[in-house]
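Written below as structure tokens is the structure these notes are about.
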Amino acid sequence: MEWQNAKKFVIVLLVILNACLALLNFQQNRENAMTASQEKAIFEVLSKNGITMYTDLITDMEPMSRLACMVPTYTKEDLERVFFDGEKTTVVPSQTSTVYRTSTAELTIEGAQGNLVFPQVEKGKGDLSRGDALKKAEEYMDHMEKNFGDFVSYDILETEEGYCVVFYEKYDDTIVFSNHFRVFVSQAGIYQVQLVYCPVVGYNGEKKDIFYGDEALLTFMRELRKNQPEGAVTVNRMELGYDLPDKESQTSEGMLYAVPCYRIYLMEQTEPYIINAYTCKLINQE
């Protein structure tokens, strides 16, 4: 009888403990999400300042760690294997960059940046559709991902020569904006590839709280009105991912640290406002 009572007591205790943990988890989730009143308030403030939100507001803000990235180093053989299908290249070095050439392609490498051009591929959109351009770019990136990791297509921009398909790296379900490929496609094929890539090593340090999405929008609004005091604008996209706040700074070990950032895009503009989610300050894009 005493054993049965003890078992019942333990079961009841576990039920109470689970209920308490569920309540704590619920409260924690509420702390990491904006309230309905906060959402209403930011929409009203933006509207009074001539800013329309034509996209969803980011309302969930879980703590995030920094992301450690490594300044890349390439050998001639690596670049020939990845970009030239093993074909031997002629190397032309300079003070800041190195050019690798074959009869059909030319690759310029400067630090983490690369620019690959195919001069023999004729430019021009012709009858090329957005879907066909995306398909060609994704086929190219399927080959690149063997060496550069998981990249996802994020945007298709129409140009005078065809289309530019933008790919960002996806690391642990989060977009790394500082690692990207821009694949330029014409009716004749791919004529240029631009890339910026620093291999991700992993998370660095403890998770830290980030600013709410409404606070990032207020920072954006202040920065916008510094240079454009009047006029109506529309925010058509808002994203949260990783970016490098200072692309020129690195440790003695050759490491760079990406931080959580909000990206706020205006309609009719391709370059976003980038807000450091740790400090809620605008990142200089130059």
Close side-chain approach of [X] and [Y], heavy atoms under 4.5 Å:
| X | Y | answer |
| --- | --- | --- |
| L240 | M64 | yes |
| V235 | F220 | yes |
| S94 | V92 | no |
| L157 | R182 | yes |
| V99 | L107 | no |
| L57 | F43 | yes |
| Y278 | K208 | yes |
| V165 | Y140 | no |

query: So does E139 pair up with K136, basic N to acidic O under 4.0 Å?
result: no

- request: Could you check Q120 against T104 for side-chain hydrogen bond (donor to acceptor under 3.5 Å, both in side chains), going step by step and ending with a plain yes or no?
  value: CA-CA 7 Å; Q120 297 179 355; T104 59; 5.7 Å; no

Is the number of heavy atoms from other residues, nucleotides or ligands within 6.0 Å of [atom1] ([X]) greater than 12?
| X | atom1 | answer |
| --- | --- | --- |
| E122 | CD | no |
| E160 | CD | no |
| D56 | CG | no |

message: Checking Y100 against F84 for the ring-ring contact (aromatic ring centres under 6.0 Å, His included) test, could you report, in this order, the C-alpha distance in whole Å, the side-chain angles of both residues, the deciding distance, and whether it holds?
response: CA-CA 10 Å; Y100 300 82; F84 300 95; 7.3 Å; no

- prompt: Which is it for I51 and R225 under the side-chain contact (heavy atoms from CB on, under 4.5 Å) test, yes or no, and what are the steps along the way?
  reply: CA-CA 10 Å; I51 301 172; R225 290 314 182 197; 4.1 Å; yes

field: Sidechain-backbone polar pair: S97 side chain, T108 backbone, donor-acceptor under 3.5 Å
entry: no

query: Would you find a donor on one side and an acceptor on the other, under 3.5 Å apart, between the side chain of S65 and the backbone of G205?
result: yes

Atom [atom1] of [X] and atom [atom2] of [Y]: how far apart are they, to the nearest 0.5 Å?
| X | Y | atom1 | atom2 | answer |
| --- | --- | --- | --- | --- |
| E161 | Y191 | CD | OH | 4.5 Å |
| D172 | D150 | CG | CG | 11.0 Å |
| L134 | D155 | CG | CG | 11.0 Å |
| N49 | L217 | CG | CG | 12.0 Å |
| I264 | R237 | CD1 | CZ | 12.5 Å |
| D214 | M61 | CG | CE | 7.0 Å |

Looking only at heavy atoms, which two atoms of [X] and [Y] are closest? And how far apart?
| X | Y | value |
| --- | --- | --- |
| I190 | F118 | O-CD1, 3.5 Å |
| N236 | L266 | OD1-C, 3.6 Å |
| N115 | V117 | ND2-CG1, 3.9 Å |
| Y262 | A277 | CE1-CB, 3.8 Å |
| E87 | S103 | OE2-OG, 4.1 Å |
| K207 | P63 | CD-O, 3.7 Å |

field: Test side-chain contact (heavy atoms from CB on, under 4.5 Å) applied to V233 and M267, step by step
entry: CA-CA 7 Å; V233 298; M267 194 172 290; over 6 Å; no

statement: Only residue of N179, V152, L195, V183 satisfying side chain to side chain contact (heavy atoms under 4.5 Å, CB included) with F167 is V183

task: Apply side-chain contact (heavy atoms from CB on, under 4.5 Å) to the pair M70 and M255, showing each step before the final yes or no.
output: CA-CA 5 Å; M70 186 168 52; M255 300 294 293; 4.2 Å; yes

Shared hydrophobic cluster for [X] and [Y] (ILVMFWY, side-chain gaps under 4.5 Å):
| X | Y | answer |
| --- | --- | --- |
| V259 | I175 | no |
| Y154 | Y273 | no |
| F177 | Y242 | no |
| V193 | L128 | yes |
| Y74 | M144 | yes |

message: Is it the case that the ring center of Y265 lies less than 6.0 angstrom away from the ring center of Y54?
response: no

query: Is the centre of the F181 ring less than 6.0 Å from the centre of the F151 ring?
result: yes

message: Apply salt bridge (Lys or Arg N to Asp or Glu O under 4.0 Å) to residues D132 and K135 and explain how you reach the verdict.
response: CA-CA 5 Å; D132 289 338; K135 183 179 179 181; over 6 Å; no

task: Apply the test side-chain contact (heavy atoms from CB on, under 4.5 Å) to residues R101 and T89: give CA-CA distance (whole Å), side-chain angles for both, the deciding distance (0.1 Å), then the verdict.
output: CA-CA 5 Å; R101 291 183 183 141; T89 62; 5.9 Å; no

message: Check the orientation of H180 and Y168. Use parallel for under 30°, tilted for 30 to 60°, and perpendicular for over 60°.
response: perpendicular

